[in-house]
Amino acid sequence: MAFSESLVAMNGTQISYIGHDCKEIPNFLGDRYGGFARRLDLSFNQLRSLAGLNVFTGLEELLVDNNLLGNDLRLPRLPNLHTLTLNKNQLTDIEALLEHLADVTPALEYLSLLGNEACPNQLVSPDKDEDDYQRYRYFVLHKLPHLKFLDTRKVSKREVMEATARGVFMKVVKPKSEVLSVEPGLEGYPLPYTPLPRESRDAKNHKGVFAKCRYAYYGKHSEGNRFIRNDQL
């Protein structure tokens, strides 16, 4: 696909290249604007990597919302980057992402991850609730303690204290689905587990199961007996 500089919006040191379905950062962006750009917006494209970002050495703000960035995302070291938005991508591994950001973006203060599976927000993950999201915030702040703003909310002093004390335990883990083994010949049953003994499970050779009981009920204390006269017995 041919790229054109006419598609670039520039306002001083702010560069925008939005909605052009590019799958990689065009070389001309780095060649032309990398040396002085402070804000770069590459939202609404089809980016699967941010290769080529290393020439934007003075970058302070990076917006890459609505792309196809996944867990293999790698950023170059950006010592001046204080704002990063990765909304609506394909990020699922929150711990790996945060460890990478802690290493390459030491000045990061504003981060937004809404719309990714890594961010358990009810708008995207109906099976998550506010408690899941709050635990996610504590875990993010544990990994990135210098953040001032996360997603749509300012970081509070209480969150910082909680993240410091217990954030390491707050990772929201999605349970792995387990495949239960089914005995041969019982594959058609909806549930692999039954409390019935083995000899009573075969539909073609079903047998009742009997056992002795230690107690006998005589009905002496039945509530129903209160309304029956002796001459009716």
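What you see is a predicted model; the values in this text were computed from it and never measured.
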S.K.: With a 6.0 Å cut-off on the ring centroids, do Tyr136 and Phe139 count as close?
M.R.: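 Ring-ring flag for Tyr136/Phe139: false, centres at least 6.0 Å apart.
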S.K.: Is any side-chain heavy atom of Leu62 less than 4.5 Å from a side-chain heavy atom of Leu108?
M.R.: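 Answer no - side chains too far apart.
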S.K.: Would you say that more than 12 heavy atoms from the other residues, nucleotides or ligands in this model lie under 6.0 Å from the CZ of Arg39, or not?
M.R.: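 More than 12 within 6.0 Å, yes.
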S.K.: With the side chain counted from C-beta on, respond yes when Asp151 and Tyr133 share a heavy-atom pair under 4.5 Å apart, and no when they do not.
M.R.: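 Result yes, sub-4.5 Å side-chain heavy-atom pair found.
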S.K.: State the CZ-NE2 distance between Arg135 and His142, to the nearest 0.5 angstrom.
M.R.: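 Taking CZ in Arg135 and NE2 in His142, the distance rounds to 16.0 Å.
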S.K.: Rounded to the nearest 0.5 Å, how far does NZ of Lys143 lie from CG of Leu97?
M.R.: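 Result: 11.5 Å between the selected atoms.
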S.K.: Go through the steps to decide whether Asp72 and Arg48 satisfy the test side chain to side chain contact (heavy atoms under 4.5 Å, CB included), and finish with yes or no.
M.R.: CA-CA 9 Å; Asp72 57 349; Arg48 294 183 179 274; over 6 Å; no
S.K.: Would you say the side chain of Tyr33 lies within less than 4.5 Å of the side chain of Tyr17, judging by non-hydrogen atoms?
M.R.: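 Result no, sub-4.5 Å side-chain heavy-atom pair not found.
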S.K.: Give the minimum heavy-atom separation between Asp93 and Ala96, together with the two atoms involved.
M.R.: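 Closest approach of Asp93 to Ala96, heavy atoms only: OD1-N, 3.2 Å.
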S.K.: Run Ile25 and Val64 through side chain to side chain contact (heavy atoms under 4.5 Å, CB included) and show every step you take.
M.R.: CA-CA 11 Å; Ile25 299 176; Val64 282; over 6 Å; no
S.K.: Is Lys88 close to Asn66 at the side-chain level, that is, under 4.5 Å between some pair of heavy atoms?
M.R.: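 The answer is yes, as the side chains (C-beta and beyond) meet within the 4.5 Å cut-off.
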S.K.: Are any non-hydrogen side-chain atoms of Glu162 and Gln134 less than 4.5 angstrom apart?
M.R.: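 Sidechains of Gln134 and Glu162: no contact.
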S.K.: Can you tell me how far CG of Leu86 sits from CG of Asn89, rounded to the nearest 0.5 angstrom?
M.R.: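 Reported value, rounded in 0.5 Å steps: 6.0 Å.
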S.K.: Can you tell me how far apart CD (Glu109) and CG (Leu150) are? Round to the nearest 0.5 Å.
M.R.: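 So the gap between those two atoms works out to 13.5 Å.
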S.K.: Under the criterion side chain to side chain contact (heavy atoms under 4.5 Å, CB included), I'd like the reasoning laid out for Leu59 against Leu53: C-alpha separation, chi angles, the key distance, then a yes or no.
M.R.: CA-CA 9 Å; Leu59 209 57; Leu53 200 61; 4.2 Å; yes
S.K.: Between Cys22 and Leu47, is there a side-chain heavy-atom distance shorter than 4.5 Å?
M.R.: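 Answer yes - side chains close enough.
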S.K.: Looking only at side chains, do Thr92 and Asn71 share a donor and an acceptor under 3.5 Å apart?
M.R.: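 Yes, Asn71 and Thr92 have a side-chain donor paired with an acceptor closer than 3.5 Å.
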S.K.: Within this structure, what is the CG-CG distance for the pair Leu78 and Leu101, rounded to the nearest 0.5 Å?
M.R.: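 If we round to the nearest 0.5 Å, Leu78:CG and Leu101:CG are 10.0 Å apart.
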S.K.: If I take atom OG1 from residue Thr83 and atom CD from residue Glu60, how far apart are they, to the nearest 0.5 angstrom?
M.R.: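 The OG1 atom of Thr83 sits 8.5 Å away from the CD atom of Glu60.
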S.K.: Heavy atoms, side chains only, cut-off 4.5 Å: are Pro106 and His146 in contact?
M.R.: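 Pro106 does not reach His146 side chain to side chain.
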S.K.: Any heavy-atom pair between the side chains of Arg38 and Gln14 that's under 4.5 Å?
M.R.: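 They are not in side-chain contact.
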S.K.: Side chains of Asp41 and Ser43: donor-acceptor distance under 3.5 Å anywhere?
M.R.: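 Per modelled atom types, Asp41 and Ser43 side chains form a pair under 3.5 Å.
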